[in-house]
Protein chains: 4
Amino acid sequence: MGAVKNKRMPRAVRERQMLDAAVRTFGQRGYRAASMDEIADLAGVSKPLVYLYLNSKEDLFTACIRREAKALTAAVRAGVQPGLPADRQLWDGLRAFFTHTAENPDGWAVLHLQARTHGEPFAAEVAATREELVVFVTQLIAVAAREAHRNPSLPDREVAGLAEALVGAAESLATWANATPGVSAKQAAATLMDFAWAGLGNLMESRPWSGSGPADGLHR
Amino acid sequence: MGAVKNKRMPRAVRERQMLDAAVRTFGQRGYRAASMDEIADLAGVSKPLVYLYLNSKEDLFTACIRREAKALTAAVRAGVQPGLPADRQLWDGLRAFFTHTAENPDGWAVLHLQARTHGEPFAAEVAATREELVVFVTQLIAVAAREAHRNPSLPDREVAGLAEALVGAAESLATWANATPGVSAKQAAATLMDFAWAGLGNLMESRPWSGSGPADGLHR
Amino acid sequence: MGAVKNKRMPRAVRERQMLDAAVRTFGQRGYRAASMDEIADLAGVSKPLVYLYLNSKEDLFTACIRREAKALTAAVRAGVQPGLPADRQLWDGLRAFFTHTAENPDGWAVLHLQARTHGEPFAAEVAATREELVVFVTQLIAVAAREAHRNPSLPDREVAGLAEALVGAAESLATWANATPGVSAKQAAATLMDFAWAGLGNLMESRPWSGSGPADGLHR
Amino acid sequence: MGAVKNKRMPRAVRERQMLDAAVRTFGQRGYRAASMDEIADLAGVSKPLVYLYLNSKEDLFTACIRREAKALTAAVRAGVQPGLPADRQLWDGLRAFFTHTAENPDGWAVLHLQARTHGEPFAAEVAATREELVVFVTQLIAVAAREAHRNPSLPDREVAGLAEALVGAAESLATWANATPGVSAKQAAATLMDFAWAGLGNLMESRPWSGSGPADGLHR
DNA sequence: CATGAATGAGGATTCATTCAT
DNA sequence: CATGAATGAATCCTCATTCAT
């Protein structure tokens, strides 16, 4: 009883409806608990059609992961302008990230919660996306180091850990912001930016990160 | 066929064996995918005995969550000495946290991945534990602020966000460290401590956090 | 392996086959002892199909009760002509009742034995049907009283008791007739009619009830 | 947690406790739904002891049936004085019957509802008892016929049917009286006595059965 | 005697998946 | 294309029953 049954739609449209339904169902119920029946129902199509187009539950879930992963990285990329200074890029990226996850809570749940919970076919899929973000952050850190004329560059492993920590914090904050009424994407981004750029120690001494871009009131 | 079948053991022992098997199975397969058959098998007992002692799959999972949550918070608490400076307490807590999660990867998977993925009975259970850690970190930040004679205290929501970010980063790093060969608990703790205390900005300027305790070469 | 497996039948037909099998199995084994496996097998379908159409064991049993109850009351109603004198109506009703129960022993067992033995969902269901019969008999007694120009009408509770006794006797006789070879529906009806209308006392004095309708040799 | 655990009681007493618990449980839950666990618990003993004394669930149920059957027939017999006129004997027997079933509802449920519902081992057991009552009633009818100097005696099959109807009516009324608040054993007996002895026909003409014994206000 | 420990066997229910139309 | 009909294979859970102490 999900959507109205429209007969004879082009395949691409039908597939999108199915993926929409699947993302929503997987995101809310989890991979195992979601039933193909419910998904087909929510998509407004018959079950055999789902199998015809998407092959199997596993493939369907993989397709969901791929679509949502692509959407997330695209959103982050679209939010960032390569030429700007590193901290500005980070700030822009974080805002895009938090905005997108807030607008697509089910997709985010699929990526962050569900996909990692279930065995190898899926964890690998999502790990690749995550890696992409980590690499993006890693490069930003490297750029920032260059910009700061920092001589003895940080060891790679150290940088990897920092990027990992930053991405992990972002992921947690995204889930937290989704679950906490009254926390906007912008606030989440600001909190993390402070945390990441200035560090707690500096915050204690009242020196929050203040942005390096144009004075457009980046946060607060 | 998991363990050797030792007949006639006292209830407490059997119960522990069952919980061990359950944590391992739930941690690796997830709540839904784990079967009571596999758990009973791994524990070296028959299924009815599992039901006799632990009641139901739901109750068994809850018991796992409770046990692992208690163990984790106990480990962190045991690693921290209340009298020391805030940054030292944070450092000690992080080391205890990463050490414990590294030593109990399945328990950590149950808490961080599985329990949050499945509906209300369990999410609430684990949220309470997480809250405990967040509160601990929140208080540390407050103490640090006092120690730094910081006058206009940070707004509560800000502090909450920071604590959330820190805990989230720790959680992510724990999972990352578990999955990355060659990353020790100490290194994970050091990375996060740098990140949290100094911030990326300072790191760029070569001013990593260096510890406030006795000069015992806390890290690096 | 009960029936021949005819594939692809319309739903209504399959549902009837399932109910037939269920009535037979429940009637012979009882609610608890009957297994869904046996019912599905006897119906010549797989278990999931039974669940798809009938939902659950409880619902299946309820459906059996409803169908058999409706069939029984319909049979009795069809056997009785409202315009005739009360004793003739009673006679016709009894014959229809005994005929139907003799032709549907399993259905009768479900109604009389099994449904009343198991808790509330079912007992209520069958009680309603029984009440219908009791009311029917109660009204007949009242009509008979009017026909006999009996002045001080019998107290209601008394009439209720009498109707109850009559229905109870009929139920018992139906089961007895089913179990005793050589006892026909007609004989059972005649015995009860004598018993009910004339009473033992009159029978002793050789005055059996002889019918009030046309001289068609109603019995004997 | 049923009864207080009294250690070291003579076997006869323990067995009685078990049977009491079993009758109650079987009467209320039914044979299949009753669990040995619940029975042992209610009896205040351990399960192995039940098996030691009563062998198996089947044997236990059979023992219940036997005990309750014996108690019922004994009660009826004790209520009847062989020398008295037939209708007085019937009246006394009915009163004893309804009194006993009212005082032992669980025992009556075991005999009338549960035992007949389940396969051969039990149905036969209870059928024997029922037969005993039917024979008793059959003989009463024969005696009454002699007393009434009725010449052409009723055919045997006819008498058997009448006895069956009377016993059936009694059984139904017993269950009805148990379920209907405000109906006493005496009232039930009176209703049935009217019905059986006078017949509905006579009742219409205001000639209820009035008893043949001493004028002690037998009913009403 | 009495019991805590333990299990084999079975039963209700669900689900991903496939044909025949 | 689209679907109603159908199922093999699990999965959770319960219960009568038995030993070793």
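Letters go in sequence order (proteins before strands), and every chain restarts at 1.
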Problem - Value in whole Å for how far the P atom of dT11(F) lies from CG of L60(B) - result: 16 Å
Fill in the blank from the handout: Against the side chain of K57(D), the closest entry in dA16(F), dG11(E), dG8(E) is dA16(F)
Handout entry: Student check: side-chain heavy atoms of R16(A) and D20(A) closer than 4.5 Å
Key = yes
Problem - R14(C) vs dA5(F): side-chain N/O to OP1/OP2 distance below 4.0 Å - result: no
Exercise for the section: Ignoring backbone atoms, establish whether Y53(D) has a side-chain N or O less than 4.0 Å from OP1 or OP2 of dA2(E). Expected result: yes
Handout entry: Separation of dT11(F) P from I39(B) CD1 (nearest whole Å)
Key = 11 Å
Problem - Within-4.5 Å side-chain heavy-atom neighbours: M18(B) and L49(B) - result: yes
Handout entry: Nearest-angstrom distance from the residue atom CG of L49(A) to C1' of dA16(E)
Key = 16 Å
Fill in the blank from the handout: When every non-hydrogen atom of H118(A) is compared with those of R29(B), the smallest separation belongs to ND1-O, 4.4 Å
Problem - Whole angstrom value for the distance that separates P of dA16(F) from CG of L54(D) - result: 14 Å
Exercise for the section: Indicate whether OP1 or OP2 belonging to dA12(E) is found under 4.0 Å from a side-chain N or O atom of R32(C). Expected result: no
Handout entry: Minimum-distance nucleotide (side-chain atoms of S35(B) versus dC12(F), dA6(F), dA2(E))
Key = dC12(F)
Problem - Contact under 4.0 Å: Y51(B) side-chain N or O vs dT14(F) OP1/OP2 - result: no
Practice task
Can you see which heavy atom on T25(B) is nearest to which on A34(B), and at what distance?
Solution key: CG2-CB, 3.6 Å
Exercise for the section: Return yes if the base of dT3(E) and the side-chain atoms of K47(D) contain a donor-acceptor N/O pair under 3.5 Å, otherwise no. Expected result: no
Practice task
Please figure out whether A12(B) or S56(C) has its closest DNA chain E nucleotide nearer the 5' end.
Solution key: A12(B)
Practice task
Would you mind pulling out the nucleotide paired to dA16(E), Watson-Crick or G-U wobble, both distances under 3.5 Å?
Solution key: dT7(F)
Handout entry: Side chain of R11(C) (C-beta onward), nearest among dT7(F), dA5(F), dA6(E)
Key = dA5(F)
Exercise for the section: Name the nucleic acid region contacted by A34(B), choosing base, sugar-phosphate or nothing; use a 4.0 angstrom heavy-atom cut-off, strictly under. Expected result: sugar-phosphate
Fill in the blank from the handout: Here the distance between atom P of dA16(E) and atom CG of N55(A), to the nearest Å, is 15 Å
Problem - Within-4.5 Å side-chain heavy-atom neighbours: D59(A) and L54(A) - result: no
Practice task
Report the distance from atom CG of L52(C) to atom P of dA12(E), rounded to the nearest whole Å.
Solution key: 18 Å
Handout entry: Atom pair distance, as rounded to whole Å: CE in M36(C) and P in dC12(F)
Key = 20 Å
Exercise for the section: Hey, could you give me the CG/OH distance between L60(A) and Y31(A), rounded to the nearest 0.5 Å? Expected result: 8.5 Å
Exercise for the section: Please work out if A33(B) contacts a base, only the sugar-phosphate, or nothing of the nucleic acid, heavy-atom cut-off 4.0 Å. Expected result: nothing
Practice task
Give none if dT21(E) has no partner; otherwise give the nucleotide forming a Watson-Crick or G-U wobble pair with it, both distances under 3.5 Å.
Solution key: dA2(F)
Completion exercise
From CE of M9(B) across to C1' of dC19(F) the rounded distance in Å is 17 Å
